[in-house]
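A quick write-up on the structure given underneath.
In what follows, every chain begins at residue 1, and chains take the letters A, B, ... in the order their sequences are listed.
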Amino acid sequence: MNFPILSSLILLPTIGALFIFFTRSSEKNNNTVKYVALFTSFVNFFLSVYLWALFDQTTSEFQFVEDRVWIKNFINYKVGVDGISILFILLTTFITPLCILSINNSIKNRLSEFLLAVLIMESFMIGVFCSLDLVIFYLFFEAGLIPMFLIIGIWGGARRVYSAFKFFLYTLLGSVLMLVAIISIYWITGTTDVVELYKIGIDVKYQNLLWLAFFSSFAVKTPMWPVHTWLPDAHVEAPTAGSVLLAAILLKMAGYGFIRFSLGLFPDASEVFTPLIYALSVIAIIFTSFIALMQEDMKKLIAYSSVAHMGFVTLGIFTLQQQGIEGSIIQMISHGLVSAALFLCVGVVYDRMHSRLINTYGGIVSIIPKYSVLFMLFTLAALGLPGTSGFVGEFLILMGAFKDNFLVAVIASLGVIIGAAYMLWLYKRVIFGKLVNLELKEMVDLNKSELFILTCLAIPTLFFGFYPDPLINTIEVSISDLITFYNFSVVNN
Amino acid sequence: MELSILFLPLAASIISGFFGKYIGDRNSELVTSILVSISAFLSIFVLYQVIFNQYEENIVIATWINSGSLDVNWSMLIDPLSAVMLVVVTSVSSVVHIYSIGYMSHDPHKPRFMAYLSLFTFAMLMLVTSDNFLQLFFGWEGVGLCSYFLIGFWFKKESANAAAIKAFIVNRVGDFGFALGIFLIFYLFGTVNYDEVFQQVPSMSAAGVTPFLDKELLFLGINFRAVDLICLLLFIGAMGKSAQILLHTWLPDAMEGPTPVSALIHAATMVTAGVFLVVRCSPIYEYSELALNVITIVGMTTAFFAATVALVQTDIKKIIAYSTCSQLGYMFFAAGVGAYNVAMFHLFTHAFFKALLFLGSGSVIHAFKDEQNINNMGGVWKKLPYTYALMIIGTLALTGFPFLSGFYSKDAIIEFAYLRGNSTGFYAAGIGIFTAFLTSIYSWRLIFKTFHGEYNNKIIKIEETHESPLVMLVPLIFLSIGAVFAGFVFKELFIGYEAANNFWKNSIFFLEPLSKDHPPLWFLILTPTLVILSIPIAYYLFVKNKKLPEQIATINKPLYNFLINKWYFDELYDVLFVKSSKKIGLFLWKFFDLKIIDRLGPDGISGIIKKFSIKANKFQSGFIYQYAFVMLLGFSALLTFLIVK
């Protein structure tokens with residue numbers, strides 16, 4: 001057996017977390033604790049880059065597979081990656097250290113517990129993206145909720161308890177159904193091993209119900225319209241670092257789940273329910289874009305825009321076109337970078353002025369120029385300007401959608417117009433205009449670590465906008481095989 | 001060498017944008033101006049090669065998106081069409097760069113301004129040298145972005161910010177159509193590269209495959225020929241960028257930006273991108289009678305509409321902006337009647353004289369210390385002799401005064417419209433002649449009101465007005481040379497009898513060769529006569545008998561209001577789109593999300609549970625007799641049930 005690189009990726013943050021757990025939490029130790037967290041997450045990032053370098057792009061087989069018996073004849077601890085999952089692992093390990101780095105002043109009390117939650121969450125997220133057994137997947141998927149619930153509930157704003165419970169209730173409700181479905185799959189087929197299940201397939205007569213059960217969980221987490229209302233509340237109350245993790249990584253679990261499980265395990269049901277997904281996606285894109293237009297709270301605006309962007313993702317996945325699914329994955333990666341950056345941007349001004357309301361600001365471009373430049377860049381990426389990663393994703397998705405269904409593509413494209421409107425209007429009201437609020441004069445521009453973090457996010461946003469080949473090449477084979485497999489099973493049934 | 005044409009402006013932009021603070025204002029100005037000028041000289045050299053040595057090349061720079069069957073490169077396509085555009089873009093751009101050194105001398109943000117100008121130049125070059133629709137789209141949105149930055153350059157002005165956003169979003173509406181067009185092209189042809197698409201258009205029917213031209217598509221409930229649909233969708237994009245009627249509202253507002261910007265972006269280059277797109281796609285458009293007719297009608301209507309509005313405006317830049325809008329209309333209807341090369345010719349000459357007019361008006365505004373209302377000017381022609389002379393040249397060229405550049409290109413458009421021979425053609429020619437007359441009237445109105453008559457400014461004394469510095473006048477002189485000679489010199493090359501074969505070759509496609517007939521003599525003389533006659537008419541109206549225009553306005557009050565309010569487009573759109581979007585947003589948020597989803601969903605459920613548990617709580621009162629009573633009830637109910645059963 002080779003070096004268990006995936007298990008190391010999963011376990012490393014937890015080990016870091018244990019270190020922190022055994023360090024006495026006090027003001028004095030805060031720096032030490034932070035360095036431990038940073039160190040582990042950075043090592044994890046490099047490890048995942050190494051994984052990417054070793055990764056063979058020419059096959060859609062699962063690689064680096066580890067298979068150990070956990071409960072005999074029932075659950076195996078089985079992990080592995082293919083082109084679809086590896087990018088999400090990279091995203092997770094890339095965002096987490098930046099996120100930890102961003103906690104400078106915003107989290108004052110219980111810093112070590114906060115870092116503990118962040119690291120544990122990283123472990124769970126990586127677990128989600130590489131587990132090849134439904135039960136293992138479910139465990140990671142659900143466990144990821146707990147740290148987030150705590151982050152919102154403990155370090156959140158004034159209405160944190162309401163938001164935390166709303167978040168928890170929504171996501172749990174969906175998940176319970178998924179658990180039932182997983183148990184049923186075991187009863188029907190006798191295994192929960194994903195690779196096995198791909199091979200044997202699941203009988204068509206069960207697929208619709210099972211698909212709906214998985215869907216109810218994924219739809220909440222995406223979030224799709226109409227079960228999206230927890231997201232704005234959760235974002236508004238969560239501390240900056242929490243919002244970043246939530247938007248950048250947590251939301252991606254569902255998109256990943258749709259590709260891996262809904263398409264992979266239930267192709268026939270996916271075919272049946274595609275119109276449903278299309279309808280909900282289009283509604284999400286249009287409705288939430290309009291809602292975002294009218295927001296007064298920056299975080300809420302970005303949260304609503306996330307719903308719209310995820311609407312594009314779900315739309316792309318179910319087009320079952322090469323361009324559509326690839327676009328969805330790139331859109332998710334891009335959204336991970338851009339929404340993280342936008343929430344950090346909000347965090348930067350919030351740390352200084354303690355307000356998230358748009359009308360607090362205005363006319364600050366000459367006071368904090370560096371910030372304005374970077375914020376502009378991410379604004380443009382969010383509205384999908386060519387040359388940013390946002391464009392590549394959105395355009396490929398729409399291209400794929402157009403092949404499958406004209407009307408859906410046309411309506412979804414309208415969302416792009418409204419998207420430009422709300423982002424530019426936000427930027428104008430915050431950055432440009434006359435300086436009315438004189439307190440803003442005291443604002444200081446980005447400090448070194450903020451500049452570093454935002455630059456780290458800006459570079460891939462631009463790079464993949466001009467040259468998305470590294471991403472596309474990684475996923476190309478896995479997706480084309482998935483589509484072939486899907487079409488084969490749909491035709492044969 | 002070719003690539004340096006593209007990347008010198010980008011380098012200039014990066015240097016000035018990121019390092020402007022360190023190298024200083026003057027150096028940023030010099031670096032950007034010099035680099036863009038080098039790019040201009042190289043472009044002229046490339047055009048020379050194209051003309052005399054039949055040089056053509058497609059340089060692949062790197063891959064961009066390669067997903068499934070979609071395969072798109074970053075590339076630089078040099079053919080006659082793009083070579084002409086290269087020269088137009090880089091030469092006007094370098095002139096504007098130099099002019100800006102003088103015009104922006106009092107502005108505190110010079111490096112940023114120069115960086116935007118250079119970045120714009122880069123994006124525009126990417127647009128014109130693309131060999132596929134996607135890179136074209138990149139340049140398309142890129143120039144839109146730079147235009148957004150530059151319109152909103154004076155970020156403290158509320159109106160400038162609003163105009164910038166308006167420009168971007170109206171353009172996005174156009175881009176929406178454009179993007180759909182690209183999707184449709186990809187859907188039908190499986191590629192977005194020009195040569196592969198254009199090859200497939202006329203393809204003969206293979207066995208069992210419907211030839212492309214016979215394909216029909218059901219779109220929004222209407223059955224379209226595929227080729228019509230593609231052309232119309234692309235044209236929506238062109239309408240947005242080139243400010244054609246319905247999507248024109250952003251252009252006059254865009255005048256909020258500094259004047260050099262208006263000259264470069266909103267006169268000479270970016271706004272002509274739509275015309276360029278149609279000409280570039282001539283291999284598709286030639287097969288779509290419907291789309292060509294739509295283009296003719298839209299172009300003609302825009303030309304007429306904008307000219308009527310320009311008649312009554314009082315802001316010097318807005319008059320020229322509407323004039324631009326109108327001239328773009330001419331270009332479109334040239335393309336619509338199939339005379340793509342004539343459209344390009346007008347684009348080429350227009351770039352010079354319109355940039356000249358804008359920069360000249362900038363010089364006037366500079367002299368009046370940022371006054372833009374022509375009612376507050378007048379009588380300064382002796383004070384600003386050079387500006388005056390140069391503006392006259394620009395005006396003569398624009399109105400199509402014989403033997404200046406506009407004369408050759410505009411009259412050619414009207415002639416070809418006439419020669420088209422069908423009813424749209426005649427109609428277009430008629431409107432074209434009438435609009436040429438209007439053009440002449442409003443242009444001379446501008447000149448007379450600005451430079452002649454009494455001095456009307458109450459804030460600045462006439463002695464304080466001053467001629468512009470040399471750094472602003474030299475670029476004007478350069479442009480005026482173009483405005484005078486560009487038509488005469490390039491006439492044969494662009495629109496001569498054999499131009500299609502000798503110069504344009506494959507870059508423009510003509511399904512049938514353009515007519516070589518001549519319209520009757522009276523027709524040829526008509527336009528120039530009207531143009532010349534309009535000068536004394538305008539002089540009489542706006543200098544000699546100033547009461548008369550006012551009287552006409554009072555007599556025709558409704559018409560006058562209609563024109564001065566620009567046909568009420570802004571008001572209409574405000575109600576239709578802006579206000580209603582906000583209302584929809586509020587409704588969906590406050591009512592739908594909060595009242596319906598949340599109340600029925602999480603809050604509702606938790607509310608019910610809470611109520612239920614409160615009830616259940618009350619149940620546990622702690623009194624034994626209550627418990628005993630409930631027990632008794634339950635017991636008897638159970639007993640009854642068992643007995644009955």
Taking the side chain as everything from C-beta on, heavy atoms only, tell me whether [X] gets closer than 4.5 Å to [Y].
{"X": "F406(A)", "Y": "L180(B)", "result": "no"}
{"X": "F290(A)", "Y": "F587(B)", "result": "no"}
{"X": "L385(A)", "Y": "F168(B)", "result": "yes"}
{"X": "H109(B)", "Y": "V365(A)", "result": "no"}
{"X": "F186(B)", "Y": "Q323(A)", "result": "yes"}
{"X": "I182(B)", "Y": "F395(A)", "result": "yes"}
{"X": "V416(A)", "Y": "F176(B)", "result": "no"}

Go through [options] and name the one with the most non-hydrogen pairs under 4.5 angstrom from chain A.
{"options": "F138(B), F183(B), W154(B), F155(B)", "answer": "F183(B)"}
{"options": "E158(B), K582(B), R172(B)", "answer": "R172(B)"}
{"options": "S67(B), A164(B), A162(B), A160(B)", "answer": "S67(B)"}
{"options": "D175(B), N171(B), L184(B)", "answer": "L184(B)"}

Hey, what do you get for [atom1] ([X]) to [atom2] ([Y]), rounding to the nearest 0.5 Å?
{"X": "K428(A)", "Y": "I165(B)", "atom1": "NZ", "atom2": "CD1", "value": "5.5 Å"}
{"X": "I65(B)", "Y": "I330(A)", "atom1": "CD1", "atom2": "CD1", "value": "7.5 Å"}
{"X": "F402(A)", "Y": "I185(B)", "atom1": "CZ", "atom2": "CD1", "value": "10.0 Å"}
{"X": "E326(A)", "Y": "L70(B)", "atom1": "CD", "atom2": "CG", "value": "9.5 Å"}

- Ignoring hydrogens and angles, tell me if any N or O in the side chain of W64(B) forms a donor-acceptor pair with the backbone of G465(A) under 3.5 Å. yes
Which region of [X], side chain (C-beta onward) or backbone (N, CA, C, O), has a non-hydrogen atom less than 4.5 Å from a non-hydrogen atom of chain A, or is it both or neither?
{"X": "L145(B)", "result": "side chain"}
{"X": "F149(B)", "result": "side chain"}
{"X": "E141(B)", "result": "both"}
{"X": "V72(B)", "result": "neither"}

Review point. Does a sphere of radius 6.0 Å around CZ in F189(B) hold more than 12 heavy atoms from other residues, nucleotides or ligands, not counting ones at 6.0 Å or beyond?
Key: yes
Check: Within a reach of under 6.0 Å around CZ of F165(A), are more than 12 heavy atoms found that belong to other residues, nucleotides or ligands?
Finding: no
Is it the backbone or the side chain of [X] that comes under 4.5 Å from a heavy atom of chain B, or both, or neither?
{"X": "S413(A)", "value": "both"}
{"X": "K434(A)", "value": "both"}
{"X": "K403(A)", "value": "both"}
{"X": "L293(A)", "value": "side chain"}

If we define contacts as heavy-atom pairs under 4.5 Å, which of [options] has the most with chain B?
{"options": "Y427(A), Y422(A), W230(A), W225(A)", "value": "W225(A)"}
{"options": "W425(A), F287(A), F391(A), F466(A)", "value": "F466(A)"}
{"options": "V392(A), I431(A), T229(A)", "value": "T229(A)"}
{"options": "L414(A), I291(A), I472(A), L380(A)", "value": "I291(A)"}

**Prompt:** Hey, do the aromatic rings of W74(B) and Y467(A) have their centres closer than 6.0 Å?
**Reply:** no
Looking only at heavy atoms, the pair that brings E476(A) and N66(B) closest together is OE1-O, 3.5 Å
